[in-house]
Amino acid sequence: MKNSAAIAKSVAERSAAAPRREGRRKAGRRFRFGAAELLTGLAVLTVVFLAACALFPRLIAPFSPTDMNTAAILQAPSSIHFFGTDYFGRDVFSLVVYGTRDSLLIGVSAVAVGVLIGGTIGALSGYIGGRTDTVLMRLIDVLLTVPGILLALAIAAALGPGLRNIVLAIAVSSVPGYARVMRGQIMTIRKRGYVFASRALGARPSAVLLKHVLPNSLAPLLVMATLGLGTSILAGAGLSFLGLGVIKEIPDWGALLSQGRGYLTVAWWICTFPGLAITLFVLSVNVIGDHWRDAVDPKRKGRG
Amino acid sequence: MLQAISSRVISSLLVIVGSLTLVFCIFYLLPGDPVLSMVDPTSVSPEVIENLRHQLGLDRPFHERLLAYFGDMLTGDFGRSIVGSEPVLPKILAQVPATLLLTAASALIAVAVGVSLGVLSAVRKGGIIDFVARVVGLFGISMPTFWSGILLILIFSVQLRLLPAMGSDGFATLILPAVALGFVGAGSIVRMVRGSMLDVLNEPFVTTLRAKGLREGSVNYKHALRSALIPAVTLIGMQIGDMLAGTVIIETVFSRQGVGRILADAIMAKDLPVVQGIVFFTAILYVGINLLVDLSYAAIDPRVRRKGA
């Protein structure tokens with residue numbers, strides 16, 4: 001009896017380790033010419049730079065974002081004001097740098113909350129199955145009856161303007177996607193040999209879920225979260241653009257863009273650069289997400 | 001076939017009930033008093049707040065409210081606007097044609113660009129079209145519509161003076177907003193169709209067709225394309241729904257008439273009955289679009305036709 005348990009244990013360990021090795025080998029094989037790697041490298045650099053802007057804006061921005069230089073109103077981009085100045089004489093480059101924090105904060109927190117709620121619902125639904133699965137999935141179906149952007153908009157409108165409310169609104173609208181991916185993944189993984197082996201060893205269901213099923217189901221969820229970060233940032237900027245954000249001294253990218261809209265004909269730079277920042281960040285996140293997904297998903301090899 | 005259609009219609013009705021419940025929950029169950037989010041309690045007398053609460057039915061018990069809400073919505077009574085106090089439904093209906101026109105034009109651009117680029121890029125993988133397709137795909141899903149819209153205005157209205165930047169009369173005013181909105185959809189569709197087409201081209205049946213001596217064009221554009229479009233069609237349906245919702249931002253950017261525009265205005269004015277009505281109304285349109293998409297499966301997928309499922 002003890003012997004068979006030991007065999008089961010070693011089988012469980014070996015098969016638990018297998019998916020990780022598989023993933024790594026495929027990641028290595030996929031990029032032959034390095035162009036994709038170069039692109040991903042650039043994307044990582046962009047994300048790192050923007051993260052630095054969010055964390056240490058003071059070190060990067062040449063001016064204070066609240067400084068109103070009345071002598072330099074609506075100036076075009078120059079060597080002093082890289083992105084020009086706005087109608088208060090504020091330096092647009094510094095505004096964009098300082099705006100990074102709120103913009104990224106909305107996106108990152110929305111994804112974190114969404115993944116946590118969606119992942120939990122999906123994991124429980126997929127692992128317990130039966131009636132729990134049916135009930136949870138019907139709830140998810142209800143959330144899917146309204147297009148994502150509109151759902152976020154409705155929730156944000158009902159809750160009122162504010163950073164926390166925007167985060168909540170975007171998080172809830174992203175829950176269905178995460179829940180479905182997690183559920184599907186859990187349902188595949190729970191039928192694997194090492195899961196049966198662990199059960200045969202007498203491990204408690206919660207231990208099997210947490211130690212074996214969950215760690216091996218996370219990759220697709222994390223890939224989706226990376227790609228979802230782009231979507232969340234876009235949604236956050238959109239809600240902010242529509243006036244559902246917070247009115248603050250230092251606007252986030254969406255609000256800054258919205259403020260600059262009135263000056264479109266005289267100062268193209270106020271709208272252009274915050275939008276460029278959003279696009280660059282989302283683009284980079286998507287490039288990284290694509291790269292990662294291709295590395296994780298064996299079906300996608302050769303699609304390059 | 002008939003059975004398939006009727007079962008789809010019934011499930012669509014269930015979805016509408018679901019979305020109705022969702023909208024109710026969002027506006028009446030979330031923490032926070034909807035009345036207080038509509039008016040500023042410091043500047044309005046308590047009677048006005050009480051009146052508003054009564055008008056919205058907030059002083060009645062929960063189950064009564066839910067039933068009354070269902071009844072009202074299903075009989076087309078969407079309530080009255082807080083700001084202009086006109087009925088909500090006619091206000092929405094008056095704007096529907098403009099928004100549907102914009103959505104249809106955007107969808108046309110998205111599908112035409114998305115499907116053709118996606119297919120060509122998969123067939124000529126690694127070529128210049130493939131490069132263009134991947135750029136369109138990445139930028140399409142990464143650019144905020146309000147920014148691409150503003151860039152289009154800057155280039156074609158402010159600089160080149162070719163097209164009007166705002167308004168909603170005539171074909172010329174439709175071009176820029178439709179391109180801005182369609183580009184996002186095109187991005188997603190390109191990515192989906194390209195991936196799906198590449199998968200299909202790797203399948204054994206394609207090799208068989210080639211081995212049988214079919215011409216390359218026939219293999220790619222007749223057999224493989226049909227197979228590849230099946231998963232793409234669902235995504236296209238969802239994309240059209242997203243474009244419908246995306247009109248909120250685009251109609252604001254281009255100062256166009258439309259449902260999205262009154263939604264944006266209602267949000268700014270905290271006019272919740274209007275917001276609620278539009279969200280529900282859009283959900284119905286969304287369900288309708290997805291129903292049409294599902295039914296179109298029968299046209300492209302012979303398996304669905306035969307099984308009647």
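Proteins come first, then strands; the chains are lettered A, B, ... in the order of their sequence lines, and each starts at number 1.
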Does any backbone or side-chain atom of B:V158 lie under 4.5 Å from a heavy atom of chain A? Answer side chain, backbone, both or neither. side chain
If you tally heavy-atom pairs under 4.5 Å against chain A, which of B:A283, B:G246, B:P144 wins? B:P144
Is there side-chain contact between B:V253 and A:F241, with at least one heavy-atom pair below 4.5 Å? yes
Counting only heavy atoms closer than 4.5 Å, note whether B:V279 contacts chain A via side chain, backbone, both or neither. both
Are there more than 12 heavy atoms of other residues, nucleotides or ligands under 6.0 Å from atom CD1 of B:I128? no
Select one option (side chain, backbone, both, neither) describing which atoms of B:F139 are under 4.5 Å from chain A's heavy atoms. both
Answer with side chain, backbone, both or neither: which region of B:V17 has an atom nearer than 4.5 Å to a non-hydrogen atom of chain A? neither
Using heavy-atom distances under 4.5 Å, tell me whether B:L154 contacts chain A through its side chain, its backbone, both, or neither. side chain
Side chains of A:I278 and B:W147, heavy atoms from C-beta outward: is any pair under 4.5 Å? no
Part of B:L263 lying under 4.5 Å from any heavy atom of chain A: side chain
May I ask you to check whether over 12 heavy atoms, not counting those of B:M238, lie within 6.0 Å of atom CE? no
Atom pair CG (B:L14) and OG1 (A:T145), whose distance is rounded to the nearest 0.5 Å: 11.5 Å
Taking everything shown except B:M166 itself, do over 12 heavy atoms lie less than 6.0 Å from its CE? yes
What is the distance from atom CG of B:D242 to atom CD1 of A:I149, rounded to the nearest 0.5 Å? 4.5 Å
Can you give me the closest heavy-atom contact between A:A157 and B:V275, atom names plus distance? CB-CG1, 4.2 Å
Locate the shortest heavy-atom distance separating B:Y286 from A:P147; write the atom from each residue and the value. CD2-CD, 3.5 Å
Which portion of A:L144 sits near chain B, non-hydrogen atoms under 4.5 angstrom: backbone
Check: B:L138 and A:D290 side chains under 4.5 Å, non-hydrogen atoms: yes
Rounded to the nearest 0.5 Å, how far does CZ of B:R191 lie from CG of A:N286? 6.0 Å
Among A:V142, A:L150, A:L283, residue most engaged with chain B (heavy-atom pairs, under 4.5 Å): A:L283
Sort out for me which of A:L227, A:T231, A:L151, A:L276 touches chain B most, counting heavy-atom pairs under 4.5 Å. A:L276
Between the CG atom in A:L153 and the CD1 atom in B:I278, the distance rounded to the nearest 0.5 Å is 10.0 Å
So which part of A:L280 gets closer than 4.5 Å to some heavy atom of chain B, the side chain, the backbone, both or neither? neither
Go through the atoms of A:D141 and report whether side chain, backbone, both or neither lie under 4.5 Å from a heavy atom of chain B. neither
What I'd like to find out is whether the side chain of A:R261 reaches to under 4.5 Å of the side chain of B:T252, using heavy atoms alone. yes
As an exercise: rank A:G230, A:S258, A:A237 by heavy-atom pairs under 4.5 Å with chain B and give me the winner. A:A237
How many angstroms lie between atom CD1 of B:I150 and atom CG of A:L257, to the nearest 0.5 angstrom? 4.5 Å
Under 4.5 Å from any heavy atom of chain A - which part of B:M268: side chain
Would you say the side chain of A:V146 lies within less than 4.5 Å of the side chain of B:T282, judging by non-hydrogen atoms? no
Look at atom CZ of B:F70 and say whether more than 12 heavy atoms of other residues, nucleotides or ligands are closer to it than 6.0 Å. yes
How close do A:L242 and B:A264 get, counting heavy atoms only, and between which atoms? CD2-CB, 4.0 Å
Between atom OG of B:S142 and atom CD1 of A:I233, what is the distance when rounded to the nearest 0.5 Å? 11.5 Å
